[in-house]
Each structure stands twice: as structure tokens, then as C-alpha cells.
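Take a look at the structure set out below.
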Amino acid sequence: MCKKKLFLLALLPPIFLTGCWDKKDPEDRAFIITLGADSTGMGCSFTFAPANIETGEEETYTAESETLAGAVAQVDTHTSRKTDLGQLKTVILGGDLLQEPPKLDALLGELERSQTVSEKVMLLATDGSAAECVEAAMAEDSKTGLFLWDFYKNTAREVAVTKGMDLDTFLTERQEQGGCGVIPRISAKDGKLKLGGGMAVSPTKVYPLEDAEERGYLFLLGEAEGALLEGTYHGESIPVEIGKSHVFYDFSIVGDSILCTVTLPVEGALQGGRGSLLSSRSRKEIEEIFEAIIKEEVEHTLKIAMGAGEDLFGILPRLQRAMPQLAQEYSRDVLWDAMVFQIYPELELKDMGRKR
């Protein structure tokens, strides 16, 4: 009897190990790293770009459907590998799709509800074709498909021309900001990628942000570290790199207006100095020149939101936290129409150049 029990126990481990008998091996799956979505007809055109570790060859699939799930099902009917979104890193939203809020909301909702797609998947937006951007990204790295992911993970924070945005953060910001938010911008021209700027998305319209406008937005967030500004001093063009960036907001009632005072303490370093070290007077003059540049960029960025009549950059949530009673009494539209801004950059140069 004991021998029979031991025999049965010996059989149990193999039985438990077969719990994944219906699962596919990795080589039988197409692990999609980058996904592009463009508007077309009644639905969307989805471009799937899988990693291709073994051969490194560029490979993309395209399918049209009203839903992402429907597109995946279509792709699976004419490929030998099962489409797997479990490793999806980047979703690129096409310009036409951004102009159709119902379609955009439907796709974002499907991504949010997905049991497979991570809430930390990175979002990018283009004013052109998402499919072209996917093709260009795969040309940069078709083996792992991680070119875009690596750029925003390793480089974006150092150059301050764009800001990474994941799905969960974007959806949270839109909820707080009345449906508005900024997605990093990507474009493809002649098969080459350009990363920089942003796409400010509102419930009704999309506003492209050029590099300087995106930089103004980053100053408003206190996240402009790495920004390179160029000014003119005594007829010579000089660059200053921002080393530290902070922001402080103060709100007050002035007549019928809500005054938003934005103070921007930043530290910078003069790049490529020549000759002797600059004097304290020159230092003050250069600081004032670049404070004026920062002020102009931030004010120009804010003009986009004021002209749109919508809080594209998340100012009202700060007001609501500072003056909750005011926010309860008036609608977002009334508060935004009453808003006026004063911008005060405070630049301190920590490095004034080198002798040569």
C-alpha cells in the first residue's frame, strides 16, 4: 500500500508542471513593441511592430477595425505567430485620430481596460501619420523595437525638448484638467524621426507645440532641466544650459480677475566661454537677458491656452488646491476666463565659462 502511495506521489509533480500545456512558446508569439493608430473610415488603421530579436529584420502588420481587439483578431488570421500586446511599450496616435475625440476616447478607454497592455505604456502623438512614425522607429531599431522607449527613458530628461507621458498619467491629467493634456510629439520625414515638442489635446481640438512652446510648458511644470537657451550678449551668441528648474504658483483676487503669479527659480551654466572669466556685472547682465528669454517663451506658451479658452497646461487644478472655496463657487470656464498671469524667472548662473 505504501509503495502505491509513493508511486502516485511521484506522478503528481509532472501533472502540476503541465498547468501551462495550452500556452504558446515565445517563438510562437509576435511580441508587439510599438503600435500606431490612425483614423480611417468608420474605425482605425492599426500598425503593429513586433520585436525581431533573431533576424533583426523590419516587420510590421496593418489591420483596420473599430477596435484594437478587432485589429488583433484580424492580424492573427494571416500570421503564423499569435499577436501579443503584453510587451507593448509605445503607442503612437496619428494626427487624424487626435482630431476625432470620440475615436480617441474609445481607443484610450480600450487601452485602459485591457488586461494585457500595461498602464505605463508610453504615449506619443503626431500631426501626421502614425504608421509612418512606426516604420521610421523600426528602421532605427528593428531588432528590439525599443528605440523610442529608450529615448524617453534615457535622453528626453537630459535635453528638455519633450516630456515622456504614460497612459495612466495622461488619463489622470485629463480627468483633473477638464479633458486636456499634453502628449509628446513625434514626426517622420523622409523616413527619419524627429522627437520634440508636444500635442496639446483638448476635448474639442488639438494644438501642436513647437520645441520652444514645449520648453515653455516644461518651465511651467518646473521640469526644464537640460534646456539649452541661446541669447545675444555684446553681439555674440551665447548658450546657457538649465541645470535646475523649479516653479512656484501664487493666486490672488485682483478686482474681477484671478492673478496667477508664476515664479521660476532656475540655475544655469554658460556653455563654451572664451577668454577671461566674466565679471559680476557681466554675469548680472547675462542673467537678465536669459530671464527675458524664459519669460517670453512661457508667456507665448500660455497665450496658446488663453487663445484656446481652455486650460491646456493644468493651471486650474493648482488654483483649486490653493483656493478650494473659489473653485466650488465657479465653473472651470468662468475661472479660466478670469485668469491673468505674471511670470517672474529668477536665473542664477552657477558656471560662468572657462579660460582658454
Side-chain angles (χ1 to χ4, degrees), residues 20-100 102-126 128-150 166-168 170-171 183 186-188 191 193:
C20 296
W21 64 271
D22 59 339
K23 302 297 183 183
K24 290 184 177 295
D25 292 331
E27 59 268 22
D28 295 327
R29 292 181 177 273
F31 292 102
I32 307 301
I33 304 299
T34 305
L35 170 69
D38 292 292
S39 177
T40 177
M42 297 298 292
C44 293
S45 174
F46 295 94
T47 304
F48 300 88
N52 205 338
I53 302 296
E54 294 182 359
T55 66
E57 295 179 357
E58 295 179 38
E59 184 180 15
T60 59
Y61 314 134
T62 302
E64 292 187 13
S65 175
E66 293 185 12
T67 65
L68 175 58
V72 170
Q74 285 187 39
V75 169
D76 285 342
T77 64
H78 57 80
T79 60
S80 60
R81 295 185 295 167
K82 179 72 175 71
T83 304
D84 192 318
L85 299 180
Q87 300 300 316
L88 184 64
K89 297 295 186 183
T90 307
V91 175
I92 302 176
L93 305 171
D96 290 342
L97 178 61
L98 295 176
Q99 299 288 350
E100 299 188 57
K103 285 187 180 181
L104 176 61
D105 292 342
L107 175 58
L108 293 175
E110 188 176 3
L111 290 171
E112 182 183 22
R113 294 188 301 271
S114 173
Q115 298 296 315
T116 305
V117 177
S118 168
E119 63 181 10
K120 295 303 179 183
V121 65
M122 182 175 65
L123 296 181
L124 295 176
T126 179
S129 164
E132 291 182 5
C133 293
V134 172
E135 296 286 352
M138 294 306 291
E140 295 287 348
D141 179 9
S142 60
K143 193 168 186 178
T144 68
L146 294 176
F147 173 78
L148 295 174
W149 176 265
D150 287 340
D166 61 61
L167 174 66
D168 182 54
F170 180 67
L171 293 175
I183 305 176
I186 183 174
S187 59
L193 287 175

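The figures here come from the full heavy-atom set of this structure, side chains too, leaving out hydrogens, waters and symmetry mates.
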side-chain hydrogen bond (donor to acceptor under 3.5 Å, both in side chains) contacts touching residues 62-72 (sequence neighbours left out) |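 Every candidate side-chain hydrogen bond (donor to acceptor under 3.5 Å, both in side chains) pair involving residues 62-72 fails, so no pair, neighbours aside, qualifies.
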Which distance, rounded to the nearest 0.5 Å, do you find between the OG of S118 and the CG of L85?
->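 Spacing of OG (S118) from CG (L85) equals 12.0 Å.
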So, using side-chain hydrogen bond (donor to acceptor under 3.5 Å, both in side chains) as the criterion, who are the partners of [X] when residues are at least two apart?
X	value
S114	none
E100	S39
D76	K82, T83

List the residues meeting side-chain contact (heavy atoms from CB on, under 4.5 Å) with [X], not counting sequence neighbours, and say none if there are none.
X	answer
A49	T34, T60, V134, M138
L171	L108, E112, L167
A131	D38, T47, S129

Apply side chain to side chain contact (heavy atoms under 4.5 Å, CB included) to V72 and F48, showing your working.
-> CA-CA 9 Å; V72 170; F48 300 88; 3.9 Å; yes
Closest heavy-atom pair and its distance - V75, A63 = CG2-CB, 3.8 Å
Return the set of residues passing salt bridge (charged side-chain N to carboxylate O under 4.0 Å, His left out) with D84 (not counting sequence neighbours), or none when no residue passes.
-> R29
Can you check whether G43's main-chain N or O pairs, donor with acceptor, with K103's side chain at less than 3.5 Å?
->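 Yes, K103 side chain to G43 backbone: donor-acceptor pair under 3.5 Å.
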